[in-house]
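Below, chains carry the letters A, B, ... as their sequence lines are ordered, and counting in each starts from 1.
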Amino acid sequence: MRLSRYFIPTLKEIPAEAVIPSHQLMLRAGMIRGLSSGIYSLLPLGYRVWKKVMQIIREEMDAIGGMELHLPALNPREIWEETGRVEAFGDTMFHIKNRDLVLAPTHEEIITHLAQAFVHSYRDMPQIWYQIQTKFRNEPRPKSGVIRSRQFLMKDAYSLDNSWEGLDASYQKHYEAYCRIYSRCGLEFFVVGASSGAMGGSGSQEFMVESDAGEDLCAFNLESGYAANIEVAASRMPKVGRVDENPAAEKFATPTAKSIDDLVEQYGIPAERCAKALVYFADENPYLIFMSGNDQLNEAKLQTALKANNIRPAHDDELVALTGAHGGSIGPINLKSNIPQIADARLEHANDMVSGANEDGFHYRAIDLDRDANIQQYVDLRTVIEGEPDPIGGQPLKVKKAIEVGHIFKLGTKYSEALKALFLDDQGNSHPIIMGSYGIGVERIVACHIEQRHDKDGICWHPSIAPFQIQITGVKVENDTVREHAERFEAELEAAGFEVLYDDRTGVSPGFKFKDADLLGMPINVIVGEKHLNDGNVEIKIRSTGERRIVPVADVVATCESILAELGA
RNA sequence: CGGAACGUAGCGCAGCCCGGUAGCGCACUACCUUGGGGUGGUAGGGGUCGCGGGUUCAAAUCCCGCCGUUCCGACCA
């Protein structure tokens with residue numbers, strides 16, 4: 001491919017709207033062009049990378065028996081109502097104005113609809129169906145270039161099984177295929193236990209790439225092997241427990257104590273002996289929640305514990321109406337209304353606690369939660385903090401930001417029950433199909449790759465997904481010897497099966513070409529110029545390391561082959 | 001949806017406070033020059049100053065409304 005004829009609109013300056021390196025470099029390298037917030041055109045150079053990522057995904061999905069299909073992006077709204085997900089998605093789902101259609105944000109419903117029509121016997125399973133298609137989500141705030149956008153490519157796979165053991169096997173196959181996919185794309189990644197959220201299901205794991213641009217926090221310890229999204233991460237924190245003396249609860253005035261820290265400072269109460277009370281609404285039902293000291297409530301855990309679609313903190317006026325006091329003075333005793341109470345597991349059976357009196361400016365001490373409160377369940381509701389002991393080996397947890405590049409779910413029967421996708425077992429009994437769902441964000445793989453592999457000059461592609469494996473830089477192609485050699489290398493390298501981008505532009509200075517080559521970031525740059533040709537040599541530069549090898553003209557193809565092999569092509 | 005900033009040529013920006021016929025760099029066109037790390041020069045082309053209204057003799061500039069983009073927060077199947 002000749003660069004003079006290929007459409008690569010590179011930019012010298014960084015467009016103002018791009019903040020993170022992958023977004024800046026995709027724009028500067030002429031890979032993408034923004035059309036509107038969270039909506040991008042993929043230009044030829046960028047689309048080559050996308051296609052390579054999709055090809056790797058296809059190969060690995062096919063290898064575990066997956067069958068690719070193509071599904072409608074326009075869906076009748078009705079089918080999404082049957083699973084309750086019009087409401088669950090809310091404003092995130094695009095609705096067509098002049099038809100009763102929605103733009104599909106994912107495809108569980110459509111797959112289940114197909115299964116309901118065609119999969120009726122235990123003999124028909126297992127099945128793995130997948131698609132690589134555009135998904136639409138009305139993100140309230142697109143950001144970070146293609147990482148969070150309103151229209152994006154996702155590989156979605158769905159497994160259909162006739163037993164829970166079958167689901168485990170299908171899930172495991174996907175787990176292994178995903179590891180191969182990310183490795184082949186040259187990504188460093190890790191896997192964490194995750195929340196299945198509104199997708200439903202019994203378990204899920206996320207494939208994560210560590211990045212400051214990440215929107216997820218993950219807690220992990222490399223020695224013990226524990227790794228979890230902060231939404232579900234646990235730590236081995238001691239329970240607050242009981243003390244021997246257990247006098248009656250006693251009210252005392254705390255006119256200037258509004259926070260746990262105030263109680264600690266003014267009255268010398270150990271922070272963990274404070275039962276911090278919070279009021280949350282879960283699908284419009286209020287709950288009183290107790291946390292120990294300054295432990296941070298984890299809203300994802302609360303939502304899971306309450307099995308709620310939506311949760312939110314109570315407003316100030318609601319606090320007063322429900323408890324009798326403003327925030328900071330709420331507790332288990334003398335509540336104005338009888339609202340359900342749940343508490344973090346650290347507080348289980350604790351006594352000798354301090355908590356609000358439901359009267360502004362007063363607290364109770366010597367509270368026994370078993371005696372003085374009416375707590376219906378104790379569950380883990382804490383947000384773990386870096387340094388706390390992990391739940392496996394008690395090693396200190398680290399917390400890092402990460403980008404989610406894949407998510408695998410054991411869905412179970414949520415969708416098959418809702419859409420009546422049933423099969424008969426060998427006894428003739430009817431059961432809902434047992435499903436799994438497995439997603440990969442295509443553009444996130446590309447973005448994460450660039451986040452992990454770039455320097456001040458540009459991108460450093462891994463050969464597996466580089467737009468071209470080899471760039472040939474013709475230094476002063478007006479010189480016949482230079483041009484003839486460059487063209488010969490182009491032909492020989494292409495004949496050897498490589499993808500080659502030959503910078504044949506005339507009237508462009510060498511420095512300009514070198515800068516462009518570094519920006520575009522092909523793994524190998526074959527530099528053809530008089531300087532070395534006069535000695536019968538050519539310079540070959542490795543983008544990722546900066547290493548330069550001077551090789552005889554006759555060895556160019558062999559050298560490229562061996563370098564690409566070294567680079568893991 | 002809350003808070004903030006920005007919107008002037010394809011890109012990056014100045015001009016706005018203090019109203020008077022729109023500028024710089026890059027890119028683009030032509031010619032010359034240079035030729036191993038974004039050469040140097042000469043001459044050009046390109047802008048309803050986001051949109052609408054208002055104030056004024058006169059608005060990129062002041063006022064009001066809207067739209068868009070980005071950042072922080074909320075949300076994120």
Side-chain angles (χ1 to χ4, degrees), chain A residues 9-20 23-24 27-28 30 33-39 80 83-94 102 104-109 135-145 147-150 152 154 156 194-201 204 206 213-216 229 231 299-300 303 309-313 403-404 407 409 411 414-415 437 439 441 456-458 473-479 482 503 505-520 525 527-534 537-539 541 546 548 550:
Chain A
T10 59
L11 302 173
K12 199 181 289 191
E13 288 174 292
I14 302 171
E17 76 263 17
V19 175
I20 64 169
H23 190 196
Q24 295 173 345
L27 290 168
R28 288 193 55 213
R33 168 79 182 186
L35 178 63
S36 178
S37 183
I39 303 175
W80 288 83
T83 55
R85 291 219 293 178
V86 172
E87 191 179 14
F89 272 106
D91 200 41
T92 302
M93 181 183 269
F94 282 108
V102 298
T106 174
H107 279 89
E108 280 77 12
E109 277 76 1
K135 311 279 174 169
F136 298 89
R137 294 184 191 182
N138 185 23
E139 290 292 344
R141 187 181 157 197
K143 59 180 293 198
S144 306
I147 288 177
R148 178 164 293 278
S149 57
R150 294 205 166 115
F152 55 97
M154 178 180 270
D156 253 356
S195 161
S196 38
M199 287 285 282
S204 77
E206 288 168 325
E215 300 177 37
D216 287 283
N229 191 304
E231 293 179 345
E299 293 192 351
Q303 184 167 357
N309 271 331
N310 291 293
I311 62 167
R312 64 168 177 88
I403 296 168
E404 177 190 351
H407 200 159
F409 295 86
L411 278 184
K414 171 175 171 164
Y415 298 93
S437 163
K456 66 176 174 48
D457 294 314
T473 300
V475 178
K476 198 182 178 187
V477 290
E478 291 85 344
N479 177 305
V482 169
D503 190 345
R505 291 175 294 180
T506 53
V508 176
S509 71
F512 200 97
K513 290 191 173 187
F514 292 140
K515 288 290 186 187
D516 260 357
D518 286 344
L519 174 60
L520 299 181
N525 190 6
I527 301 167
V528 185
E530 287 178 279
K531 179 171 157 186
H532 293 295
L533 278 180
N534 290 338
N537 291 330
V538 168
E539 176 180 340
K541 183 183 167 190
R548 294 163 192 269
I550 312 298

Peer 1: Is it the case that over 12 heavy atoms from other parts of the model lie below 6.0 angstrom from the CD atom of A:E215?
Peer 2: yes
Peer 1: Considering only atom C1', compute the distance from B:U8 to B:A14 and round it to an integer number of Å.
Peer 2: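 Result for the C1' pair: 10 Å, nearest Å.
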Peer 1: For each nucleotide in nucleotides 32-45 of chain B, reading 5' to 3', give B when a protein heavy atom comes within less than 4.0 Å of its base, S when such contact involves only the sugar-phosphate, and - otherwise.
Peer 2: ---BBBBS------
Peer 1: Using the C1' atoms only, state how far B:G73 lies from B:C63, rounded to an integer number of Å.
Peer 2: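 Pairwise C1' distance, B:C63 against B:G73, rounds to 31 Å.
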Peer 1: So what does A:E299 hit on the nucleic acid, given a heavy-atom distance under 4.0 Å: a base, only sugar-phosphate, or nothing?
Peer 2: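 The answer is sugar-phosphate, as A:E299 gets under 4.0 Å only of primed atoms, P, OP1 or OP2.
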Peer 1: Contact class for A:A16 vs. all strands (heavy atom < 4.0 Å): base, sugar-phosphate, or nothing?
Peer 2: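 Touches sugar-phosphate only.
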Peer 1: For atom C1', what is the distance between B:C16 and B:G23, given to the nearest Å?
Peer 2: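 Rounded to whole Å, the distance is 14 Å.
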Peer 1: Within the structure shown, what part of the strands sits under 4.0 Å from A:R141 by heavy-atom distance: base, sugar-phosphate, or nothing?
Peer 2: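 The answer is base, as A:R141 lies within the cut-off (heavy atoms under 4.0 Å) of a base atom.
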Peer 1: On RNA chain B, nearest-nucleotide positions of A:E231 versus A:S144: which is more 5'?
Peer 2: A:S144
Peer 1: Heavy atoms under 4.0 Å, any strand shown: does A:P105 hit a base, just sugar-phosphate, or nothing?
Peer 2: base
Peer 1: How many whole angstroms separate atom CZ of A:F409 from atom P of B:C76?
Peer 2: 13 Å
Peer 1: Taking C-beta and beyond as the side chain, do A:K513 and A:N525 meet within less than 4.5 Å on heavy atoms?
Peer 2: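 They are not in side-chain contact.
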Peer 1: Please list, chain by chain and in numerical order, all residues satisfying side chain to side chain contact (heavy atoms under 4.5 Å, CB included) with A:P105, sequence neighbours excluded.
Peer 2: A:W80, A:F89, A:M93, A:R137
Peer 1: On a whole-Å scale, what distance lies between the C1' atoms belonging to B:U69 and B:C51?
Peer 2: 15 Å
Peer 1: Which heavy atom in A:V475 sits nearest to a heavy atom in A:G529, and how many Å separate them?
Peer 2: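 Reported closest heavy-atom pair: CB-CA, 4.0 Å.
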Peer 1: One thing to verify: whether A:E108 and A:R85 come together as a salt bridge, which I'm taking to mean a side-chain N less than 4.0 angstrom from a carboxylate O.
Peer 2: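 Salt bridge flag = yes for A:E108 with A:R85.
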Peer 1: What integer number of Å spans the P atoms of B:G52 and B:G19?
Peer 2: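 The same atom, P, in both gives a distance of 24 Å.
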Peer 1: Looking at side-chain heavy atoms only, is the closest gap between A:E530 and A:V482 below 4.5 Å?
Peer 2: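 A side-chain contact under 4.5 Å exists here.
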Peer 1: Output the rounded distance in Å from CD1 (A:I14) to P (B:U70).
Peer 2: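 Between P of B:U70 and CD1 of A:I14: 16 Å.
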Peer 1: Write out a two-atom table: protein N or O, nucleotide N or O from nucleotides 67-69 of chain B, distance below 3.5 Å.
Peer 2:
from  : atom 1 : to    : atom 2 : distance (Å)
B:U69 : OP1    : A:S36 : OG     : 3.2
B:U69 : OP1    : A:S37 : N      : 2.8

Peer 1: Listed by chain and number, what are the side chain to side chain contact (heavy atoms under 4.5 Å, CB included) partners of A:R312, not counting sequence neighbours?
Peer 2: A:F281, A:E284, A:H315, A:E318
Peer 1: Taking the P atom of each, how far is B:G7 from B:G12, in whole Å?
Peer 2: 12 Å
Peer 1: Just jot down the side-chain hydrogen bond (donor to acceptor under 3.5 Å, both in side chains) partners of A:E231, sequence neighbours excluded, or say none.
Peer 2: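 By the side-chain hydrogen bond (donor to acceptor under 3.5 Å, both in side chains) rule, A:E231 matches no residue at all.
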Peer 1: Mind checking side chain to side chain contact (heavy atoms under 4.5 Å, CB included) for A:I550 and listing every partner two or more places apart, or none if nothing turns up?
Peer 2: A:H532, A:N537, A:E539
Peer 1: Using atom P of each nucleotide, how far apart are B:A60 and B:C1 to the nearest Å?
Peer 2: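 So the two P atoms sit 32 Å from each other.
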Peer 1: Measuring only the P atom in each nucleotide, how far is B:A5 from B:C75? A whole number of Å is fine.
Peer 2: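 After rounding to an integer number of Å, I get 24 Å for this pair.
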